There are 2 protein chains.
Amino acid sequence: MTRQKIEIKKIDNPTARQVTFSKRRRGLFKKAQELSTLCDAEVALIVFSTTGRLFDYSSSSMKQVIDRHNLHSQNLHKFDQPSLQLQLESSTYAILSKEMADRTRELRQMKGEELQELNMEELMRLEKSLEGGLSRVVQTKGERLLNEIDALRRKEAQLTEENLRLKQHTGINTNVQGHSFNTFICSSSGDNSQDRESSNTSLKLGKLHTCGTTYFHHLPY
Amino acid sequence: MTRQKIEIKKIDNPTARQVTFSKRRRGLFKKAQELSTLCDAEVALIVFSTTGRLFDYSSSSMKQVIDRHNLHSQNLHKFDQPSLQLQLESSTYAILSKEMADRTRELRQMKGEELQELNMEELMRLEKSLEGGLSRVVQTKGERLLNEIDALRRKEAQLTEENLRLKQHTGINTNVQGHSFNTFICSSSGDNSQDRESSNTSLKLGKLHTCGTTYFHHLPY
DNA sequence: GATGCTATTTATAAGTA
DNA sequence: TTACTTATAAATAGCAT
């Protein structure tokens, strides 16, 4: 394909054939890998040289891909096993397979793909579902963060107290100020410096919920 | 590899990913075939798209290549003689079940359930995913609605013009008022009785409005 | 989804080391 | 066999349809 265009037919010269095999094999495997990475596809490639050497590649596991391939192609000739057991298996497989397809599609749609096949009503239902999920996720995240903050604040209080006790014991007089985490994080509103107990958690939760999406994005998480 | 060099990592845009998949898949299969022809090699290639579609190629027969591959790699697990067919099937079944479970869980999590088993990082990733999906859904909805509105406007203009012409021809002086569609959509109580065309679309719009999630607020997505 | 169109990037046939 | 080089053929990313 370069210095000179070549015809696609078996290369006569064994040496040249071997060289070409080596080069093109690499190219092929590279392309296979790129396809799987770029397009999130499952790829398996098996090559035997004339001399019988094996080269293979699989984006996941060769066994998995081959199994999956068997599944797909067995649909074309699934008549060849009168075994009842097998029949049952294949029918459960069919059911599973269908459910799988449904779920996959639903998942992709929740990620905003394949929307063209939805009508307006379904689109709105999807939107509602996403809003619901998002709101719950955001709330969970908020709760999680508040809990951590609360825990930290307790620890702060505890440490401060301990500190104080130590200072009294040693008679050293250092002035250590404890920052309120509230103030630190949500400096928007009033002065919260005196609430060191969890009582304000519920309050904050409500606030989170109301405020909606981006809340703690500036937190060091 | 052309207009611009691309990085080999999963393509974010689903549409672009699909296009690339289609193009590169062809290229890959062509190369596989060329290798087998030029170098007299035995080649098997299996590709599953993200959507689960199967594409395969084999220079001889897929079964033959896979069997040969098993021979070579069986050094690693040559103990599984009982029934290769059954083993394959039951393992595929296991794989399918597992995938099914994964997908079900992911789906539930997108709907805001079972969030407790996610750590903060996963939670944030989920949030991002939801935001992305929601934004795409909202955008699709908006585009769809705008298109309909546009179509209706055109029809309105056309009908109005025709109406005028007819009136001039017949000399009849009927007073028909053309509603602005804007007005039409936003007024909940209006009298729509004179819309004789595409009444079903108008209806849909009305219904949508009633369904009333946020309406055009999201359009600029 | 696919197809067609470039401007570029890649792959690679031949040859050389 | 493997590793470079180079001129050229192929593949393909980004767009438009």
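As the structure is a computational prediction, the values presented were derived from the model and not from experiment. FYI, side chains are in, hydrogens and waters are out, and symmetry mates aren't considered; it's all heavy atoms of this structure.
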Atom-to-atom span, [atom1] of [X] to [atom2] of [N] - whole angstrom:
X: Phe21(B); N: dT3(C); atom1: CZ; atom2: C1'; answer: 18 Å
X: Leu28(B); N: dA11(D); atom1: CG; atom2: C1'; answer: 12 Å
X: Glu34(B); N: dA11(C); atom1: CD; atom2: P; answer: 14 Å
X: Arg17(B); N: dG1(C); atom1: CZ; atom2: C1'; answer: 15 Å
X: Glu113(A); N: dG1(C); atom1: CD; atom2: P; answer: 11 Å
X: Glu7(B); N: dT12(D); atom1: CD; atom2: P; answer: 18 Å
X: Ile11(B); N: dT12(D); atom1: CD1; atom2: P; answer: 11 Å
X: Arg53(B); N: dA2(C); atom1: CZ; atom2: C1'; answer: 12 Å

ask   = Considering all heavy atoms of both residues, which atom of Arg68(B) and which atom of Ser49(A) are nearest to each other, and what is their separation?
value =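 Looking at all heavy atoms of both residues, the closest pair is NH2-O, 4.4 Å.
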Polar atom pairs (N or O), protein with nucleotides 14-17 of chain C, under 3.5 Å:
from, atom 1, to, atom 2, distance (Å)
dA14(C), N6, Lys23(A), NZ, 2.9

End-to-end axis angle, where each axis spans five pairs of the helix from dA2(C)-dT17(D) to dA17(C)-dT2(D), to 10° = 40°
What I'd like to find out is whether the side chain of [X] reaches to under 4.5 Å of the side chain of [Y], using heavy atoms alone.
X: Ile8(A); Y: Leu38(B); result: yes
X: Ile11(B); Y: Asp40(A); result: no
X: Leu118(B); Y: Arg125(B); result: no
X: Met120(B); Y: Leu145(A); result: yes

request  = Using a strict 4.0 Å threshold on nitrogen-to-oxygen distance, state whether Glu106(B) and Lys111(A) make a salt bridge.
outcome  =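 Salt bridge: yes.
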message = Salt bridge or not between Asp150(B) and Arg153(B)? Use side-chain N to carboxylate O under 4.0 Å.
response = no
key: Closest nucleotide among dA11(C), dA13(D), dT12(C) to the Arg24(B) side chain   =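 Nearest to the side-chain atoms of Arg24(B), counting from C-beta on, is dA13(D).
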Below the 4.0 Å mark, does [N] have OP1 or OP2 next to a side-chain nitrogen or oxygen of [X]?
X: Ser22(A); N: dT1(D); result: no
X: Arg26(B); N: dT3(C); result: yes
X: Thr20(A); N: dA13(C); result: yes

inquiry  = If you assign Ala16(B) and Lys30(B) each to the DNA chain D nucleotide with the nearest heavy atom, which residue ends up on the more 5' nucleotide?
reply    = Lys30(B)
task = State the CG-CD distance between Leu146(A) and Gln139(A), to the nearest 0.5 angstrom.
result =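 The CD atom of Gln139(A) is 10.5 Å from CG of Leu146(A), to the nearest 0.5 Å.
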task = Determine, step by step, whether Gln64(B) and Glu42(B) satisfy the side-chain hydrogen bond (donor to acceptor under 3.5 Å, both in side chains) criterion, reporting the C-alpha distance in whole Å, the side-chain angles of both residues, the deciding distance to 0.1 Å, and the verdict.
result = CA-CA 10 Å; Gln64(B) 183 178 316; Glu42(B) 196 164 31; 2.8 Å; yes
